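Structure record follows, encoded as structure tokens.
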Amino acid sequence: MDDAWADLADRFVDGAYASLKGKVRTYVVHHQLLQHLPPPPARILDVGGGAGHQAFPLARAGYEVTVLDPSPAMLERGEALLASEPSEVRERLAFVEARGEDAFRATGGRGFDAVCCHGVLMYVERPEPLVASLCECAAPVGLV
Ligand SMILES: C[S@@+](CC[C@H](N)C(=O)[O-])C[C@H]1O[C@@H](n2cnc3c(N)ncnc32)[C@H](O)[C@@H]1O
């Protein structure tokens with residue numbers, strides 16, 4: 001499968017996310033999320049989570065996070081960043097290479113306490129199958 005994000009991964013990780021605006025965005029999204037999530041430890045699936053910028057603060061806060069993304073380039077940057085985290089954070093964060101539309105199968109059909117999908121829907125041609133997949137991955141009382 002072609003990696004549509006191969007040329008964008010460095011630009012996002014070293015540019016957008018590393019900028020002051022990017023850091024503020026990550027901080028604001030994280031604190032907004034905390035208002036809705038169940039307390040840790042809960043299991044969170046971050047669909048289209050890229051290099052894990054939203055997942056890292058969640059794992060540091062005690063959540064078990066799976067980042068699912070179809071881009072090997074984004075995941076590679078995420079794995080490299082994860083290597084410098086303390087072991088307890090590394091143990092709480094996993095990267096899975098798959099399209100969001102295939103998330104249920106790719107994660108073994110587990111019901112997640114929360115399913116996040118941020119900054120992704122605008123990039124897909126048809127959002128409906130992706131939205132259906134997010135709902136499929138959530139536990140019966142889970143949050144999307
Ligand atoms: C702008 S980044 C957003 C990363 C992260 N969610 C954030 O908010 O910082 C968009 C991500 O969507 C991923 N993506 C594109 N199509 C996707 C799909 N069909 N399913 C899941 N992720 C997809 C890309 O690989 C990329 O990592």
Side-chain angles (χ1 to χ4, degrees), residues 1-86 89-139 142-144:
M1 187 171 70
D2 277 351
D3 185 354
W5 282 77
D7 294 334
L8 293 171
D10 291 347
R11 212 186 308 167
F12 266 82
V13 175
D14 301 324
Y17 295 126
S19 68
L20 177 61
K21 179 185 167 195
K23 288 179 180 164
V24 170
R25 170 193 181 268
T26 300
Y27 179 90
V28 169
V29 171
H30 178 66
H31 285 272
Q32 291 281 335
L33 265 178
L34 291 182
Q35 293 177 26
H36 301 280
L37 293 174
R43 295 183 323 126
I44 300 176
L45 176 63
D46 188 6
V47 173
H53 285 77
Q54 294 303 149
F56 284 114
L58 291 170
R60 289 180 199 130
Y63 291 100
E64 302 282 336
V65 193
T66 301
V67 173
L68 181 140
D69 199 283
S71 166
M74 291 295 270
L75 294 173
E76 201 175 298
R77 293 300 308 262
E79 299 272 12
L81 292 170
L82 185 59
S84 59
E85 292 287 328
V89 174
R90 290 203 305 272
E91 281 159 19
R92 286 198 288 268
L93 209 162
F95 289 98
V96 173
E97 185 185 325
R99 293 168 71 240
E101 292 83 342
D102 302 323
F104 187 75
R105 179 193 49 76
T107 56
R110 291 186 294 154
F112 288 85
D113 299 306
V115 180
C116 301
C117 183
H118 192 243
V120 180
L121 288 178
M122 65 280 238
Y123 296 109
V124 301
E125 213 161 295
R126 289 189 56 233
E128 295 87 349
L130 182 49
V131 173
S133 174
L134 303 179
C135 298
E136 199 181 14
C137 291
L143 197 75
V144 175

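Positions are given from 1, in the same order as the sequence printed here. Just so you know, ligand 1 is whichever comes first in the structure, and atom 1 is the first atom listed for that ligand. All values reported here derive from a predicted model rather than from experimental measurement.
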- request: Answer yes or no: is there a side-chain heavy-atom contact under 4.5 Å between Phe95 and Leu68?
  value: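 No, their side chains stay 4.5 Å or more apart.
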Distance from [atom] to nearest protein heavy atom, with residue and atom:
atom                    : answer
atom 5 (C) of ligand 1  : Gly48 O, 3.4 Å
atom 24 (C) of ligand 1 : Trp5 NE1, 3.3 Å
atom 7 (C) of ligand 1  : Tyr17 OH, 3.4 Å
atom 27 (O) of ligand 1 : Asp69 OD2, 2.7 Å
atom 10 (C) of ligand 1 : Gly119 O, 3.3 Å
atom 20 (N) of ligand 1 : Gly100 N, 2.8 Å
atom 6 (N) of ligand 1  : His118 O, 2.7 Å

- request: Could you tell me how the ring of Tyr27 sits relative to the ring of His31: parallel (under 30°), tilted (30 to 60°) or perpendicular (over 60°)?
  value: tilted
message: If the threshold is 4.0 Å, N to carboxylate O, is there a salt bridge linking Asp10 and Arg77?
response: yes
- request: Show which atoms of ligand 1 fall inside a sub-4.0 Å distance from at least one heavy-atom site of Ser71.
  value: 25 (O)
task: Under 4.0 Å from a heavy atom of Phe12: give me the atoms of ligand 1 that qualify, with their elements.
output: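 Taking each heavy atom of Phe12 in turn, ligand 1 has 1 (C) under 4.0 Å.
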message: Out of Leu8, Val124, Val47, who is nearest to atom 16 (N) of ligand 1 when you count heavy atoms only?
response: Val124
- prompt: Which option, Gly50, Gly78, Pro70, owns the non-hydrogen atom nearest atom 14 (N) of ligand 1?
  reply: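 Considering heavy atoms of Gly50, Gly78, Pro70, the nearest to atom 14 (N) of ligand 1 sits in Pro70.
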- prompt: Just heavy atoms, cut-off under 4.0 Å: does Arg25 contact ligand 1 by side chain, backbone, both, or neither?
  reply: side chain
Distance-only, no hydrogens or angles: does the [X] side chain make a donor-acceptor pair with backbone N or O of [Y] under 3.5 Å?
X      : Y      : value
Arg92  : Ala59  : yes
Asp46  : Val65  : no
Asp69  : Ser71  : yes
Ser133 : Pro129 : no
Tyr17  : Thr26  : no

- prompt: Can Arg25 and His30 be counted as having a side-chain donor-acceptor contact under 3.5 angstrom?
  reply: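 No - no donor-acceptor pair under 3.5 Å links their side chains.
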field: Contact (N/O only, under 3.5 Å) between Glu101 and ligand 1
entry: yes
- request: Look at ligand 1 and say whether Met74 reaches it with a heavy atom at a distance under 4.0 Å.
  value: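 For ligand 1, residue contact (heavy atoms, under 4.0 Å) with Met74 is present.
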